[in-house]
Amino acid sequence: MDAISSLSELLAEQKPSSYVEIPGILGQTFGQATIAATLPISKLFSIFEVDLEVQRAIIPRNLSKLIDYVNLYLEDRQPIYFPGIIFSARGAGHYDEDHQALRLQPIEKLYVVDGQHRLAAFQRIMETLQSQMARAKDRREYDKMDEITEKLRRLYAFPISTMTYLDINARQERQLFSDINKLPRKLGGNLAVLRDQRRFYHVAATELAAKAPAMQKLTVDMFSERGKSPEYLFSYHLLIEILVGLFEGRMKSAARNNNYQYADKDLQELISLAGGYFNGLLTHLPSPTKGEIVWSENIQIALALFMHEEATKTGSFNRYALEHALKILPHVNWNSIYAGEEKDRLPRRTRIMKAYNHIKSFYQDQNAFLISDAEDYKASFANKEDVS
């Protein structure tokens with residue numbers, strides 16, 4: 001009797017009573033056999049598995065944001081978009097070329113390579129709705145039961161794009177996961193179009209990059225999902241980080257006002273203030289060129305945090321206080337912030353706070369002298385012109 005080398009061969013010896021079918025055309029991606037398919041989330045619930053040796057642990061903050069996003073679709077009936085989820089079959093299943101479908105036995109699973117948080121968000125919402133349904137049934141709240149049933153129906157039918165690698169191992173999965181989450185990726189056209197359905201600061205960054213004259217000189221890579229191409233000075237995510245720092249005095253992960261629902265006048269006011277801020281940077285800082293340390297992301301975030309502190313000393317964001325604080329920038333010695341290899345070796349947050357403290361300390365020590373002298377000089381020069 002021949003040795004059985006896989007779970008699929010073992011199951012093939014038994015007459016299957018049922019199987020899960022994943023329709024899709026067999027193809028090649030990076031030299032590996034893959035199947036691309038669009039499946040309802042209800043089918044994915046029954047076939048995916050998470051291997052914690054490949055995946056990182058769930059990050060509650062990321063999960064919460066994704067749940068809020070899915071609820072835009074369920075509660076507000078807004079269209080939402082998710083990038084495709086990548087799976088690994090690890091040799092499981094049998095591809096039926098006649099029917100162009102991968103067939104899985106009930107015991108076989110697809111392992112998540114990229115998309116764990118997205119699937120967890122859908123699963124958490126499903127569990128919440130099912131609990132609400134049970135309570136409504138116990139209380140005989142039939143109207144609420146109908147409402148929850150409709151949400152569950154729409155949730156189960158939500159289509160998700162998938163790509164499944166048929167026969168890669170756990171080591172290859174880990175490498176693929178790392179590449180997906182660390183390397184810059186170009187945006188698909190659909191994601192670029194739907195950026196206006198994102199949170200407040202994401203929409204603000206998109207409009208700012210498109211409309212503010214200052215951003216034409218600073219150059220923002222709006223076409224990469226992560227990182228930036230070499231020809232750009234700012235990445236899209238850095239611009240968002242700067243906006244959160246400038247208007248909230250917080251790191252992006254702690255932003256309070258980055259919501260999906262907001263007033264358009266608030267958005268336009270922020271874009272106007274931000275445009276003025278970046279104009280001020282161009283006026284008072286060296287020309288924006290690559291390698292100029294003051295235009296590095298750590299110092300730019302530190303500057304935004306410091307300027308927020310100065311602009312909000314009166315309780316609300318004051319445009320004139322911001323303009324006043326910007327005048328100190330030509331006098332700062334940016335090259336003295338980091339000693340030796342600190343700018344490369346220190347943790348990112350430490351580098352940002354080191355730059356912030358350097359700017360704040362310099363401003364407290366020197367602003368009264370340097371800014372007042374500069375203004376007195378300009379005033380006296382203007383008076384001489386008037387006399388002449």
Worksheet item: Taking side chain as C-beta onward, heavy atoms only, is Leu110 less than 4.5 Å from Ile22?
Response: yes
Discussion item. Using a strict threshold of under 4.0 Å (side-chain N to carboxylate O), is an ion pair present between Arg77 and Glu150?
Written reply: yes
Worksheet item: Is a side-chain N or O of Trp334 found less than 3.5 angstrom from the main chain of Glu292, in a donor-acceptor match?
Response: no
Worksheet item: For Leu74 and Leu129, what are the C-alpha separation, side-chain angles and deciding distance, and is it a side chain to side chain contact (heavy atoms under 4.5 Å, CB included)?
Response: CA-CA 11 Å; Leu74 291 179; Leu129 290 173; 4.3 Å; yes
Worksheet item: If you measure from CG on Asp264 to CD1 on Ile271, what distance do you get to the nearest 0.5 Å?
Response: 8.0 Å
Discussion item. Could you see if Ile148 belongs to whatever hydrophobic cluster contains Tyr142? Use Ile, Leu, Val, Met, Phe, Trp, Tyr and a side-chain cutoff under 4.5 Å.
Written reply: yes
Worksheet entry | More than 12 heavy atoms from other groups under 6.0 Å of CZ on Arg124 | no
Fill in: Verify same cluster id: Phe45, Val112 (apolar side-chain graph, 4.5 Å)
yes
Fill in: Counterpart residues, ring pair (Phe, Tyr, Trp, His ring centres under 6.0 Å), relative to Phe247 (two or more places apart)
Phe317
Worksheet entry | Heavy-atom side-chain contact between Gln32 and Gln172 under 4.5 Å | yes
Worksheet item: Is a donor on one side and an acceptor on the other found under 3.5 Å between the side chain of Arg118 and the backbone of Pro83?
Response: yes
Practice prompt. For Asn258 and Phe200, indicate whether the former's side chain and the latter's backbone hold a donor-acceptor pair under 3.5 Å.
Written response: yes
Fill in: hydrophobic_cluster_shared for Ile35 and Ile25, side chain cutoff 4.5 Å
no
Discussion item. Between Ser42 and Tyr156 (side chain of the first, backbone of the second, donor and acceptor by atom type, cut-off under 3.5 Å), is there such a pair?
Written reply: yes
Practice prompt. Check whether any side-chain heavy atom of Leu303 sits under 4.5 Å from a side-chain heavy atom of Leu305, and report yes or no.
Written response: no
Worksheet item: Would you call Asp146 and Lys151 a salt bridge, taking side-chain N to carboxylate O under 4.0 Å as the test?
Response: no
Worksheet item: Does a sphere of radius 6.0 Å around CD in Gln28 hold more than 12 heavy atoms from other residues, nucleotides or ligands, not counting ones at 6.0 Å or beyond?
Response: yes
Fill in: Side chain Tyr236, main chain His202, donor-acceptor under 3.5 Å
yes
Discussion item. Could you tell me if the side chain of Glu127 sits less than 4.5 Å from the side chain of Gln123, heavy atoms only?
Written reply: yes
Fill in: Interatomic spacing from CG in Asp138 to CE in Met133 - rounded to 0.5 Å
12.0 Å
Practice prompt. To the nearest 0.5 Å, tell me how far His284 NE2 sits from Ile328 CD1.
Written response: 10.5 Å
Item to complete: Given side chain to side chain contact (heavy atoms under 4.5 Å, CB included), test Gln268 with Lys265 step by step and report yes or no.
Response: CA-CA 5 Å; Gln268 297 308 320; Lys265 67 179 184 62; 5.8 Å; no
Worksheet, complete the sentence: Taking every heavy atom of Lys109 against every heavy atom of Ser46, the minimum-distance pair comes out as NZ-O, 2.8 Å
Discussion item. With a 4.5 Å cut-off on side-chain heavy atoms, are Arg153 and Thr149 touching?
Written reply: no
Item to complete: Please round to the nearest 0.5 Å and tell me the distance separating atom CD of Glu49 and atom CZ of Arg90.
Response: 9.0 Å
Ignoring hydrogens and angles, write down the donor-acceptor pairs under 3.5 Å from the side chains of residues 341-360, residues two or more places apart or on other chains.
{"from": "Glu341", "atom 1": "OE1", "to": "Arg345", "atom 2": "NE", "distance (Å)": "2.3"}
{"from": "Glu341", "atom 1": "OE1", "to": "Arg345", "atom 2": "NH2", "distance (Å)": "3.1"}
{"from": "Glu342", "atom 1": "OE1", "to": "Ala339", "atom 2": "N", "distance (Å)": "2.9"}
{"from": "Arg348", "atom 1": "NE", "to": "Glu297", "atom 2": "OE2", "distance (Å)": "3.0"}
{"from": "Arg348", "atom 1": "NH1", "to": "Glu241", "atom 2": "OE2", "distance (Å)": "3.2"}
{"from": "Arg348", "atom 1": "NH2", "to": "Glu241", "atom 2": "OE1", "distance (Å)": "2.9"}
{"from": "Arg348", "atom 1": "NH2", "to": "Glu241", "atom 2": "OE2", "distance (Å)": "3.1"}
{"from": "Arg348", "atom 1": "NH2", "to": "Glu297", "atom 2": "OE2", "distance (Å)": "3.1"}
{"from": "Arg351", "atom 1": "NE", "to": "Leu346", "atom 2": "O", "distance (Å)": "2.8"}
{"from": "Arg351", "atom 1": "NH1", "to": "Lys343", "atom 2": "O", "distance (Å)": "3.0"}
{"from": "Arg351", "atom 1": "NH2", "to": "Leu346", "atom 2": "O", "distance (Å)": "3.4"}
{"from": "Tyr356", "atom 1": "OH", "to": "Glu309", "atom 2": "OE1", "distance (Å)": "2.3"}
{"from": "Asn357", "atom 1": "ND2", "to": "Met353", "atom 2": "O", "distance (Å)": "3.0"}
{"from": "Lys360", "atom 1": "NZ", "to": "Glu309", "atom 2": "OE2", "distance (Å)": "3.3"}

Discussion item. So for atom NZ, which belongs to Lys144, do other residues, nucleotides or ligands contribute more than 12 heavy atoms lying within a distance under 6.0 Å?
Written reply: no
Item to complete: Report the C-alpha distance between Leu26 and Leu166 in whole Å, list the side-chain angles of each, state the deciding distance to 0.1 Å, and finish with yes or no for side chain to side chain contact (heavy atoms under 4.5 Å, CB included).
Response: CA-CA 9 Å; Leu26 192 64; Leu166 296 187; 3.4 Å; yes
Worksheet item: Residues two or more places apart in sequence or in another chain: which of them pass ring pair (Phe, Tyr, Trp, His ring centres under 6.0 Å) with Phe122?
Response: Phe82, Phe158
Discussion item. Between Ser296 and Ile293 (side chain of the first, backbone of the second, donor and acceptor by atom type, cut-off under 3.5 Å), is there such a pair?
Written reply: yes
Practice prompt. Would you confirm whether Glu248, through its side chain, and Asn257, through its main-chain N or O, come within 3.5 Å as a donor-acceptor pair?
Written response: yes
Practice prompt. Kindly write out the residues that satisfy salt bridge (Lys or Arg N to Asp or Glu O under 4.0 Å) with Asp266, not counting sequence neighbours, or none if the list is empty.
Written response: none
Practice prompt. Starting at CG of Leu208, measure out to CG of Leu270 and round the result to the nearest 0.5 Å.
Written response: 8.0 Å
Practice prompt. Quick one: do Leu281 and Leu326 satisfy side chain to side chain contact (heavy atoms under 4.5 Å, CB included)? Show the steps, please.
Written response: CA-CA 7 Å; Leu281 293 185; Leu326 284 167; 4.0 Å; yes
Practice prompt. Please collect all salt bridge (charged side-chain N to carboxylate O under 4.0 Å, His left out) contacts where either partner lies in residues 205-214, sequence neighbours excluded, each pair once.
Written response: Glu207-Lys211
Practice prompt. Over all heavy atoms of both residues, which pair between Val294 and Ile299 is shortest? Give the atoms and the distance, please.
Written response: O-CG2, 3.6 Å
Practice prompt. Sequence neighbours left out, what passes ring pair (Phe, Tyr, Trp, His ring centres under 6.0 Å) with Phe306? Give chain and number order.
Written response: Tyr363
Discussion item. Contact between Val70 and Leu155 at the side-chain level, heavy atoms closer than 4.5 Å - yes or no?
Written reply: yes
Worksheet item: Are Val244 and Met251 side-chain neighbours, meaning at least one heavy-atom pair lies under 4.5 Å?
Response: no
Worksheet item: Mind checking whether His94 and Gln105 have side chains closer than 4.5 Å, heavy atoms only?
Response: no
Fill in: Donor-acceptor under 3.5 Å (Tyr165 side chain, Val113 main chain)
no
Discussion item. I'd like to know if the side chain of Thr162 and the backbone of Ala37 have a donor-acceptor N/O pair within less than 3.5 Å.
Written reply: yes
Discussion item. Main chain of Leu233, side chain of Thr219: is a donor-acceptor contact present, judged purely on distance under 3.5 Å?
Written reply: yes
Response to the item:
Between the CE atom in Met307 and the CD atom in Glu323, the distance rounded to the nearest 0.5 Å is 11.5 Å
